[in-house]
Amino acid sequence: KVRQIVPFVSLIQSVDSVRLIECINREAERIGRVVDILLEIRVAQEESKTGWDFDELVEYIKGDGLKTLRNIRVRGVMGMATFTDDESVVRADFERLAACKRELTEYFGEQFDMLSMGMSDDYPIALEYGSTEVRIGSTIFGAREY
C-alpha cells in the first residue's frame with residue numbers, strides 16, 4: 001500500500017513500527033520526495049489498538065536509525081483513546097498522549113507540531129487536551145457499513 005500512496009499524500013498517520021518507517025522512507029526516496037509522518041503511540045489498553053509502546057519508541061528515537069532516514073519528516077504523534085463511555089478513561093488517554101508529544105518535542109524541535117487524537121465520538125475532549133488533528137469521518141460520512 002505504501003508504494004501506491006506515497007506519490008499522492010502529504011502526511012501518513014498511524015506509523016507504528018520501524019518496518020513501516022523504513023518502507024515509507026524507501027518509497028519516498030524512490031520518487032524523490034519527503035513525506036511527513038505521525039508516530040502512532042498506543043495509550044489505550046485494548047487489544048484492538050495498535051501503536052508504539054512509548055518506552056520502545058523513545059529508545060528507537062535515541063538510536064541512530066531514524067537520523068539516517070532523509071525522506072521522512074516526523075511531524076508529531078497520533079493515537080486513539082479507549083473505546084468507552086467512561087469519560088475519565090478517555091481523558092486519561094488523551095492526557096497521556098499529549099504528555100508523550102511534549103516529551104518527544106525535544107528530539108524533533110519546531111517541526112514536531114502535530115497531535116492527532118480524537119474521533120467523531122470524543123473529539124471535543126481531544127481538543128481540550130491540545131489535539132491539532134481530529135478524525136471525524138463517521139460524523140461527516142455516517143457510520144461504516146461492514
Side-chain angles (χ1 to χ4, degrees), residues 1-28 34-69 71-146:
K1 292 181 186 178
V2 171
R3 178 175 273 225
Q4 295 169 344
I5 67 166
V6 163
F8 305 105
V9 299
S10 60
L11 175 71
I12 298 176
Q13 297 199 29
S14 304
V15 178
D16 62 357
S17 69
V18 173
R19 181 195 59 77
L20 184 54
I21 289 172
E22 290 174 349
C23 181
I24 294 167
N25 185 74
R26 187 171 47 254
E27 291 302 321
V34 173
V35 175
D36 290 345
I37 68 169
L38 298 182
L39 302 168
E40 182 177 7
I41 299 172
R42 184 175 181 209
V43 292
Q45 298 306 311
E46 294 173 292
E47 289 297 319
S48 62
K49 299 293 195 275
T50 61
W52 293 86
D53 170 80
F54 186 69
D55 293 334
E56 290 175 4
L57 176 58
V58 170
E59 186 176 313
Y60 174 67
I61 291 169
K62 286 181 176 180
D64 291 333
L66 195 57
K67 295 173 186 167
T68 64
L69 305 178
N71 292 84
I72 60 163
R73 180 173 50 193
V74 181
R75 292 291 309 275
V77 300
M78 64 86 55
M80 293 189 291
T82 303
F83 185 67
T84 179
D85 291 331
D86 186 340
E87 188 176 308
S88 66
V89 172
V90 173
R91 286 183 178 281
D93 289 346
F94 288 153
E95 174 56 37
R96 175 72 180 130
L97 194 58
C100 291
K101 191 232 179 239
R102 285 190 300 273
E103 188 172 329
L104 293 176
T105 298
E106 73 176 271
Y107 300 103
F108 297 104
E110 288 182 18
Q111 74 180 18
F112 198 74
D113 59 354
M114 298 177 80
L115 176 58
S116 178
M117 60 184 187
M119 297 175 70
S120 293
D121 292 336
D122 57 17
Y123 78 89
I125 299 169
L127 293 173
E128 290 178 36
Y129 288 87
S131 181
T132 62
E133 312 290 316
V134 294
R135 297 174 305 280
I136 55 169
S138 296
T139 298
I140 297 169
F141 301 109
R144 288 185 185 180
E145 293 182 23
Y146 294 95

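Note that the coordinates shown come from a computational prediction; the quantities given were computed from them, not determined experimentally.
The minimum heavy-atom distance between D86 and S88, with the atom names listed, is OD1-OG, 2.6 Å. Contact between S116 and Q13 at its shortest, heavy atoms only, is OG-OE1, 2.7 Å. Nearest heavy atoms, V77 versus L38: N-CD2, 4.1 Å. For I41 against C100, the heavy-atom pair with the smallest separation is CD1-CB, 3.7 Å. The shortest heavy-atom contact between F112 and G76 is CE1-CA, 3.3 Å. Across all their heavy atoms, G137 and S120 have their closest contact at N-OG, 3.9 Å.
No more than 12 heavy atoms of other residues, nucleotides or ligands shown are found within 6.0 angstrom of CD on Q4.
Rounding to the nearest 0.5 angstrom, the gap separating the OG atom in S131 from the CZ atom in F94 is 7.5 Å. Note that CD1 of I61 is 10.5 Å distant from NZ of K67, once rounded to the nearest 0.5 Å. Here the straight-line distance linking atom CG of L127 with atom CG of L115 works out to 10.0 Å at 0.5 Å rounding. The CG atom of L57 sits 11.0 Å away from atom OG of S17, with the distance rounded to the nearest 0.5 Å. Note that CZ of R96 is 6.0 Å distant from CZ of F54, once rounded to the nearest 0.5 Å. Summarising the geometry, atom CE belonging to M78 is positioned 9.5 Å from atom CG belonging to D16; distances are rounded to the nearest 0.5 Å.
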Evaluation steps, side chain to side chain contact (heavy atoms under 4.5 Å, CB included), between L104 and V58:
CA-CA 8 Å; L104 293 176; V58 170; 4.0 Å; yes

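The shortest distance between side-chain heavy atoms of L69 and I24 does not fall below 4.5 Å. Taking the side chain as every heavy atom from C-beta outward, I12 and L20 never approach each other to under 4.5 Å. In this structure, the side chains of M114 and L11 come closer than 4.5 Å at one or more pairs of heavy atoms. Two residues are said to be in side-chain contact when any heavy atoms from C-beta on lie closer than 4.5 Å; T105 and D113 fail this criterion. Between F83 and K49 the shortest side-chain heavy-atom distance falls below 4.5 Å. In this structure, the side chains of I21 and Y60 come closer than 4.5 Å at one or more pairs of heavy atoms. Between L97 and K101, the closest side-chain pair of non-hydrogen atoms is not below 4.5 Å. Side-chain contact between Y129 and V90: absent, with no pair of heavy atoms (C-beta onward) separated by less than 4.5 Å.
Side-chain atoms of S14 never come within 3.5 Å of backbone atoms of E40 as a donor-acceptor pair (strictly under, hydrogens ignored). In this structure a side-chain-to-backbone donor-acceptor pair under 3.5 Å is present from R75 to Q111. Side-chain atoms of T82 do not come within 3.5 Å of backbone N or O of A44 as any donor-acceptor pair. Distance alone, capped at 3.5 Å, is enough to place a donor-acceptor pair between the D122 side chain and the M119 backbone. Between the W52 side chain and the V18 main chain, no donor and acceptor come within less than 3.5 Å of each other.
A salt bridge links E95 and R102; the closest N-O separation between the charged side-chain nitrogens and carboxylate oxygens is under 4.0 Å. Under a 4.0 Å N-O distance rule, the pair R42/D53 does not qualify as a salt bridge.
For the pairing with M80, the side chain to side chain contact (heavy atoms under 4.5 Å, CB included) check across M117, R135, E46 returns one residue only, R135.
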